[in-house]
Protein chains: 2
Amino acid sequence: MSINYAILGLLSYKSMSGYDLKKIIQDSEFMPWSGNNNQIYKALTELHRQGLVTNEVLFQESSPTKKIYTITKEGLAALKEWILSPVENSEIKKPFLVHLAFAGQLDRNELNDLIDRYERQVEIQLLMSQNYKQNTDFLSGSTELEKTVWSFIKANIRRTYEMELNWIKDLRNAVANIQKY
Amino acid sequence: MSINYAILGLLSYKSMSGYDLKKIIQDSEFMPWSGNNNQIYKALTELHRQGLVTNEVLFQESSPTKKIYTITKEGLAALKEWILSPVENSEIKKPFLVHLAFAGQLDRNELNDLIDRYERQVEIQLLMSQNYKQNTDFLSGSTELEKTVWSFIKANIRRTYEMELNWIKDLRNAVANIQKY
DNA sequence: TGTCTCATGTAAGGGGTTACATGATTCC
DNA sequence: GGAATCATGTAACCCCTTACATGAGACA
């Protein structure tokens, strides 16, 4: 899954600059790219070379010149083809599970502390994902279908954190009920 | 989070060769490394250089010579320090969510098909994670604490897939109830 | 005065991936 | 005869990350 298709997808909603794309991708929780300059500007150069986007240079007073990118009909076709192509498997990295796997090295207090710290970490992530007022309202605003899928994307993230919090509580109880250490 | 600590952790359970470590890491669902040769053998060379492991060369008839790695007391100290160090945030990459974000490009049938295919994909992943008889029984076998944490690691993965399947069902219902496309 | 935002781009380095290399034994 | 397992290692490549570079205006 290349960032190029995510960029095409965002441009299918609205024409915008590399800088705008960068902010959206960086702030998004479900797009798995950091959105650093190198990625964005290299991707846009490549998409332009392939004729999937065009750009219009916009001179501004009191701000740097920017390039507004617009998706072409070839770009829309490539986007649709990609959306329907096989979906890569999810990748889930939870460093906590690796720490936990070797909890045999810890005493009771140290393990409880590790679990407590992880719980607070996940609570913070859940709060941030809920409080986050996206500057991407235009992305979820147009049709009823689009509103639905974007709300479900948010719900997917929220449920992931909620599941994790429930699991942590069960883990803590199970650990507390162990007699011998 | 470096693979080096995962290797130290595995060696804290049992001394073994790079080849053994490779198989365990490749087969494990929660250790986020592919476990290719380059990673494993480079990590072992580095751990050896740092004095965190020692190795013993073992000549065999009818099999290649192998090196059995054993964790040192410095290695155990480094491992424990790492387990108690701050846990990195989880990273969750779900390419399906990116496809879904641009579902506005699809008609009803195409979207339903996309959802159905993802559901089957997750069902298969859930089945594989359940049916998987680990050759790492020795890892979960020693103390009650270790048995508990390893069963919770498995449960975490299982619950992740179950949550996803529930979410897919809700998504399908919500999409079906949309009148206008 | 220093930091933030806007705006685009480059350079260096680190980590990961696949593929190559060897060679005996076992299984189909 | 061909593939898989055991076993260790190297080489080339790609992607991603951080940091550098420029420069004006706004805000504290």
Side-chain angles (χ1 to χ4, degrees), chain A residues 1-7 10-11 14-28 31-49 53-70 88-89 91-93 95 98 135-136, chain B residues 1-7 10-11 14-28 31-49 53-70 88-89 91-93 95 98 135-136:
Chain A
M1 182 183 48
S2 158
I3 195 176
N4 294 34
Y5 292 106
I7 289 176
L10 291 173
L11 293 178
K14 193 182 171 185
S15 295
M16 55 186 128
S17 67
Y19 192 79
D20 296 329
L21 288 162
K22 182 186 163 180
K23 274 191 301 178
I24 292 173
I25 291 171
Q26 278 181 337
D27 293 353
S28 154
M31 295 195 212
W33 304 276
S34 74
N36 66 70
N37 292 351
N38 215 326
Q39 283 184 315
I40 305 288
Y41 294 111
K42 252 164 75 182
L44 284 170
T45 304
E46 174 62 16
L47 289 171
H48 190 247
R49 198 193 59 74
V53 300
T54 56
N55 67 38
E56 185 195 357
V57 178
L58 214 142
F59 294 95
Q60 300 173 113
E61 292 171 34
S62 83
S63 283
T65 296
K66 63 179 171 182
K67 293 182 187 168
I68 305 294
Y69 286 87
T70 300
E88 286 169 50
N89 277 336
E91 278 174 54
I92 295 172
K93 291 189 192 181
V98 185
N135 60 349
T136 52
Chain B
M1 182 183 48
S2 157
I3 195 176
N4 294 35
Y5 292 106
I7 289 175
L10 291 173
L11 292 178
K14 194 182 172 186
S15 295
M16 55 186 128
S17 67
Y19 191 81
D20 295 329
L21 288 162
K22 182 186 163 179
K23 275 189 301 177
I24 292 173
I25 291 171
Q26 278 180 336
D27 292 354
S28 154
M31 295 195 213
W33 305 276
S34 75
N36 65 70
N37 291 352
N38 214 326
Q39 283 184 312
I40 305 287
Y41 294 111
K42 251 163 75 182
L44 285 170
T45 305
E46 174 62 16
L47 290 170
H48 190 247
R49 197 193 60 74
V53 300
T54 56
N55 67 38
E56 186 195 357
V57 178
L58 213 143
F59 295 94
Q60 301 173 114
E61 292 172 32
S62 84
S63 282
T65 297
K66 63 180 172 183
K67 293 182 187 167
I68 305 294
Y69 286 88
T70 299
E88 286 169 52
N89 276 336
E91 277 175 55
I92 295 172
K93 291 189 193 182
V98 185
N135 60 347
T136 53

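Chain A is the first sequence line, chain B the second, and so forth, proteins listed ahead of strands; every chain is numbered from 1.
- In this structure, CE of A/M31 is placed 18 Å from C1' of D/dC16, rounded to the nearest angstrom.
- Along DNA chain C, the nucleotide closest to A/G18 and the one closest to B/G35 are compared, and the more 5′ of them pairs with A/G18.
- Nearer to the 5' terminus of DNA chain D, by closest-nucleotide assignment, is the contact made by B/D20 (compared with the other of B/D20 and B/K42).
- Side-chain N or O atoms of A/E46 include none that pairs as donor or acceptor with a backbone N or O of A/K42 at under 3.5 Å.
- B/K22 has its NZ atom 14 Å from the P atom of D/dT10, to the nearest Å.
- In this structure, the NZ atom of B/K23 is 8 Å from the C1' atom of D/dT5, given to the nearest Å.
- When every heavy atom of A/V98 is checked against every heavy atom of B/P32, the shortest pair comes out as CG2-CD, 4.2 Å.
- Rounded to whole Å, the distance from CD on A/E88 to P on D/dC15 is 12 Å.
- The CZ atom of B/F59 sits 17 Å away from the P atom of C/dG23 (whole-angstrom rounding).
- Among the atoms of the strands shown, none is found under 4.0 Å from any heavy atom of B/T45.
- The phosphate of D/dT17 (OP1 or OP2) has a side-chain N or O of A/S34 nearer than 4.0 angstrom.
- At whole-Å resolution of the value, CD in A/Q26 and P in C/dT8 are 13 Å apart.
- Rounding to whole angstrom units, CD1 of residue B/I3 and P of C/dG16 are separated by 7 Å.
- Contact annotation: B/Y41 reaches the phosphate of D/dT8 (side-chain N/O to OP1 or OP2, under 4.0 Å).
- At D/dC16, none of the side-chain N or O atoms of A/N36 fall inside 4.0 Å of OP1 or OP2 (strictly under the cut-off).
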Decide side chain to side chain contact (heavy atoms under 4.5 Å, CB included) for B/L44 and B/N4; before the verdict, give the C-alpha distance in whole Å, the side-chain angles of both, and the deciding distance to 0.1 Å.
CA-CA 8 Å; B/L44 285 170; B/N4 294 35; over 6 Å; no
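- Residues A/M16 and A/L10 approach most closely at CE-O, 3.5 Å, considering heavy atoms.
- A close approach under 4.0 Å does occur between a side-chain nitrogen or oxygen of B/Q39 and OP1 or OP2 of C/dT17.
- Scanning atom types as modelled, one donor and one acceptor separated by under 3.5 angstrom connect the side chain of B/N38 and the base of C/dT17.
- One N or O donor and one acceptor, one from the side chain of B/N37 and one from the base of D/dT8, sit under 3.5 Å apart.
- Residue B/K67 is classed as a sugar-phosphate contact, given heavy-atom separations below 4.0 Å to backbone atoms only.
- One finds a side-chain N or O of A/Y19 lying less than 4.0 angstrom from the OP1 or OP2 phosphate oxygen of C/dC6.
- Side-chain contact check for A/E91 versus A/N89: every heavy-atom pair is 4.5 Å or farther apart.
- Going from atom CD1 of A/I40 over to atom P of D/dT18 covers 14 Å, rounded to whole Å.
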